[in-house]
Amino acid sequence: MTEKKPTLYLIDASSYMYRAFYAMRQRLTAPDGTPTQAVYGFHQMLQKVLKDKRPERICVVYDPPGPTLRHAIYPDYKATRERMPEDLVVQVPLIKRMVDLLGIPSVEITGYEADDVIAALARKAVEAGMPVVIVSGDKDLHQLVREPHVIQWDPQRDEVFTGETVERKLGVRPEQVRDLLALMGDSSDNIPGVAGVGLKTAQNLLRQFGSLDQVLSRVEDIQSPALRKKIEEGKEAALLSRDLVTVREDAPVALEPDQCVVRPADTKALVEFFQSLGFRRFLDELAREAGDQALAAATEAPERRDRLVTDEKGLSLVLARIAEADVLSIDLETTSQDAMRADLVGVALCWKDHEAAYIPVGHTGEDAGQQIPPARTLDALRPLLEGDRPKKVGQNIKYEWVVLKRHGVELQGIDFDTMVASYLLDPGNPSHRLERIVAEHLGESKLRYSDVAGSGRNQIPFAQVPLEKAVDYACSDAETTYRLVPVLREKLQEAGLLDLMESLERPLIPVLARMEHKGIRIDAARLQELSKTLEEGLRKEEEVIHQIAGGPFNIQSPIQLRDVLFGKLQLPVIKKTKTGPSTDMSVLEELAALHPIAEHIVAYRSLAKLKNTYVDTLPKLIHPETGRIHTSYNQAVTATGRLSSSDPNLQNIPIRTEEGRRIREAFVPEEGCVLLAADYSQIELRIFAHYSGDERLVAAFSEGADIHRRTAAEMFGVPPHEVTPEMRRQAKTINFGIIYGMGPYGLAKQLRINQASAKAAIDRYFATYQGVKRWIEQVVEESRKRGYAETLLGRRRYLPELKSRNRNVRQQGERLAVNTTIQGTAADLIKKAMIDIDAAIRQEGLRTAMLLQVHDELVFEVPEDELDRVRTLVKDLMENVHPLSVPLVVDMGWGANWAEAHG
DNA sequence: AGGGATACGTAC
DNA sequence: GACGTACGTATCCCTC
């Protein structure tokens, strides 16, 4: 009997430095500005290894600076690699210091790459009877895998590479990996391989011959003459490549596997180190492990008392506790991100700091055991959920509302949403996920979904997560959310945003939830007919295009289209994209004058777009139970305060072309109802007029003039009735252009006039409406001073661009300041109108439902007998949503479908 | 095979 | 480089 030796973990440092550096989208810096994301990521990887495996033997292996043996064999080795980015270079010594402070042994040998050192250490370990785990995601290291002694593991993706998994991934056994790479080459390391041999061919060869040596010595046995020729010609390259990819085992490593023992960490120095880097999050972990009472008291939160509730007794205990609470944080665990399709898996609740419970109701894992059924759980919770008290808080609690509603519970008393709060504090931030919010506002790290359910291919549904982990995860989310509430509320208060939250965004949550839950009816048969028509049109256009081009090609491929237009047909390049000549609409419009193919491509594209994006897609999204389409309105996406719609996006349904309108004909009301559409007329220009106080602009709106005609008349100095359609078109373009901060260049392009005329037109516009110019300058200046643009109801968007020393960036900031003030104010107003209308509908007990919001338009499903009342009510509430110095005007239409409602 | 980047196009 | 805010689809490329 032999004594069982501890496993040696060998960590491939470089691969994790690079991965951590590139994986983190957000740039992380220490207080002094040093970039730190690679240090952070590396630490997380190390912690995962340490926590998951508690290794008794471990060693971090670095790549040495300077050339290695492989460069001596082949000067071009890794020649295509860019040098290490400067921002990463400065982090390498920090990582090394951190590893040292953590007490983890490490090694670096001049002239030998980390791979070789790992191989040498692995050999020593195996000889000593010690199992080895190579910690790396690199495929080059697959060649070292020898079960059962040596396996490879990638902690970040939680992937284990055994002989079997390597074979599944690469199609060859680990010992054949080097031959595989020798044949196919590796572009990232600039390994040539055999020209014309890729992964598939290399796999087939090795399957047939077993090894590269056999391939080369029995080259005459290769069936295909072409391949035989490639191999014969590529022999030298293959042998050289094999030398390069083969990991050597002879690196002069003095370190013995038994010496790779973790020493005690230098806690004091680590604390300072983490503090200097601003890693507050790691400090509490450190404290816990170090057992340092003083440090722990300062940084560590008391143990959370999570309860797993699986029986009636536990349930009533929790209910009793919550009954005394003021605030209840709710986090539902479900089977889907889509609230309309999600089934309940569990309910996490937190009602007090460090007091949370998880009630599993749909777990299917082996240990799921007894659970209280969903219906029973919800019935028990119903009085709490449907009452005003306790106050409900959550992270994107609209999701909870919709899921609960589908399960027969109508959530009441919504008091706070951490996602929405985070959004109001900084709408320019692209993420308002709990994980990020917690990091920013609590300075903590959070258990991630991948920590309990795995990641990548290994990820399992939450229902299969063992209860013990599920409790931990769900309760930590509920509790984190609970603790965020006062912090975020305070920050909103400080920023003067609390009123916006409480009077606008919070009341909007149930309104949006009701809209999503209600959905809109679609006439699928009508779309199917339309699909056939479009199909026919596409076929015809395709035939014509292929004929003109002199052969078939994929019109939908910009690359192939490029070859045809600018290669075969020699048409002039109008505009370039990053990768080559552009083929977009504006280019094709210009080319139409030169060649008939252009307009056919435009027609083809337009038909394909309609068919693929709308006509064929919408029917697939009809909900099996409701028979309707349920979009999701996101309240925390846009930088300006607008809503966005997704899954599907119902805010970009076509309207401008005839075929497009046909799609709106398929949006229909329920029997006995009509669709009512109410849209704000020129809301952004009216807001512009209000803010600028420009007399002429205000007068135009006050008199109910046709604003574009009026603008044309004033700019061109003619009476309104003499304005030609062309003059009106130009004025309209300018009116919109001004809102977006369009310059002479953009206007010239849009109007197809020269830049001088465009500039003259803009000058004339500003001369006509002098208040506009003044206001633009003023809003830019105020925004710069404040650091953010502000809307009518106090919404902010931070604009650091305004202080940039780069003129382009600064001008961009100026356009954003103007546009955000206008667009954001329009968003404020329609949101308030939605709240008011929803309240009135409920107050009056109407059966009318608000279905859609499209930025300046609301769509309702109205029972015929309510139409008169609802028309009046909607128009009145929208137009009087907030007093401005110009009237707000709402146009309304109704009918048997959305197209008709726009009549 | 599938994720990410790119190009394009729809809405307001 | 030049006009703001979104989302979705198809293609292409690569797999740190």
Side-chain angles (χ1 to χ4, degrees), chain A residues 12 14-23 41 81 136-140 154 156-157 169-170 186-188 199 427 456-457 554-562 577-588 602 605-606 608-614 616-617 631-632 634 637-657 660 663-664 679-680 682-684 733 736-750 755 758 789 797 806-809 811-812 814-824 826-827 830 853-857:
Chain A
D12 175 18
S14 298
S15 77
Y16 288 102
M17 290 186 195
Y18 271 101
R19 192 189 281 178
F21 180 74
Y22 287 114
R81 283 258 178 109
S136 171
D138 194 338
K139 67 177 180 314
D140 292 350
D154 179 0
Q156 287 193 331
R157 296 185 179 172
K169 183 177 159 195
L170 295 179
D186 183 345
S187 59
S188 71
L199 177 64
R457 275 175 237 287
N554 185 350
I555 305 166
Q556 303 208 75
S557 162
I559 294 176
Q560 294 180 36
L561 180 60
R562 202 180 275 167
T577 68
K578 247 181 267 180
T579 55
S582 166
T583 64
D584 74 12
M585 181 84 89
S586 68
V587 169
L588 292 172
V602 170
R605 281 230 182 110
S606 148
K609 174 82 176 179
L610 294 178
K611 184 165 184 291
N612 295 332
T613 310
Y614 306 105
D616 290 349
T617 310
T631 185
S632 166
N634 201 322
V637 164
T638 74
T640 56
R642 274 186 178 181
L643 297 175
S644 82
S645 152
S646 60
D647 311 300
N649 182 357
L650 294 185
Q651 291 181 321
N652 69 349
I653 302 299
I655 187 167
R656 291 169 192 180
T657 64
I663 296 171
R664 292 201 176 209
D679 66 281
Y680 278 114
Q682 311 292 359
I683 186 164
E684 295 193 344
T733 303
F736 284 113
I738 293 295
I739 295 172
Y740 303 140
M742 193 189 269
Y745 172 88
L747 185 65
K749 276 210 106 140
Q750 185 91 23
Q755 250 192 83
R797 175 186 183 180
N806 177 317
R807 190 169 55 93
N808 281 333
V809 174
Q811 286 180 343
Q812 162 85 356
E814 292 169 1
R815 290 194 294 275
L816 296 178
V818 173
N819 182 255
T820 299
T821 309
I822 302 297
Q823 195 182 102
I830 194 162
Q853 189 254 43
V854 194
H855 309 309
D856 66 356
E857 172 185 8

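Quick note on labels: first sequence line is chain A, next is B, and so on, each numbered from 1. Note that the structure is a prediction, hence the values are computed from the model and not measured.
Regarding A/L588, its CG atom lies at a distance of 12 Å from the C1' atom of B/dA7, rounded to whole Å. Distance A/Q556 CD to B/dT6 P: 20 Å, rounded to the nearest Å.
Side-chain contact of A/D154 with A/Y16: a donor-acceptor pair under 3.5 Å is present, judged by distance alone.
Residue contacts shown for A/D647 are limited to sugar-phosphate atoms, with no base heavy atom under 4.0 Å away. If you check every strand for non-hydrogen atoms under 4.0 Å, A/N652 touches a base. Residue contacts shown for A/V818 are absent, as no nucleic acid heavy atom lies under 4.0 Å away. Nucleic acid contact for A/Q823: base, since at least one base atom lies under 4.0 Å from a heavy atom of the residue. Within 4.0 Å (heavy atoms only), A/G660 reaches no atom of the nucleic acid at all. Note on A/I559: only backbone sugar-phosphate atoms sit closer than 4.0 angstrom, heavy atoms only; bases stay farther off.
Regarding contacts with the backbone of B/dC8, a side-chain N or O of A/T583 is found under 4.0 angstrom from either OP1 or OP2. Residue A/N554 has a polar side-chain atom (N or O) positioned under 4.0 Å from OP1 or OP2 of C/dT11. The side chain of A/S582 places an N or O atom within less than 4.0 Å of a non-bridging phosphate oxygen (OP1 or OP2) of B/dC8. Contact annotation: A/Q812 reaches the phosphate of C/dG4 (side-chain N/O to OP1 or OP2, under 4.0 Å). Listed pair A/R656 / B/dG9 fails the phosphate criterion, with no side-chain N or O lying under 4.0 Å from OP1 or OP2. Using a 4.0 Å cut-off, some side-chain N or O of A/Q560 falls inside it from OP1 or OP2 of C/dC12. At C/dA10, one or more side-chain N or O atoms of A/N612 fall inside 4.0 Å of OP1 or OP2 (strictly under the cut-off). Using a 4.0 Å cut-off, some side-chain N or O of A/S557 falls inside it from OP1 or OP2 of C/dC12. In terms of phosphate contacts, A/T577 brings no side-chain nitrogen or oxygen within less than 4.0 Å of OP1 or OP2 of B/dC8. Close to C/dC7, at under 4.0 Å from its OP1 or OP2, lies a side-chain N or O of A/S644.
Between the side chain of A/R664 and the main chain of A/I653, a donor-acceptor pair closer than 3.5 Å is present.
In terms of heavy atoms, A/N612 sits closest to A/Q556 at ND2-OE1, 3.7 Å.
In this model, a side-chain donor or acceptor of A/R642 finds a partner on the base of B/dC12 within 3.5 Å.
The pairing partner recorded for B/dG3 is C/dC13, the criterion being a Watson-Crick or G-U wobble arrangement whose two distances lie under 3.5 angstrom.
The CD1 atom of A/I822 lies 11.5 Å from the CD1 atom of A/I738; values are rounded to the nearest 0.5 Å. In this structure, the separation between CZ on A/R815 and CG on A/N819 is 10.0 Å, given to the nearest 0.5 Å.
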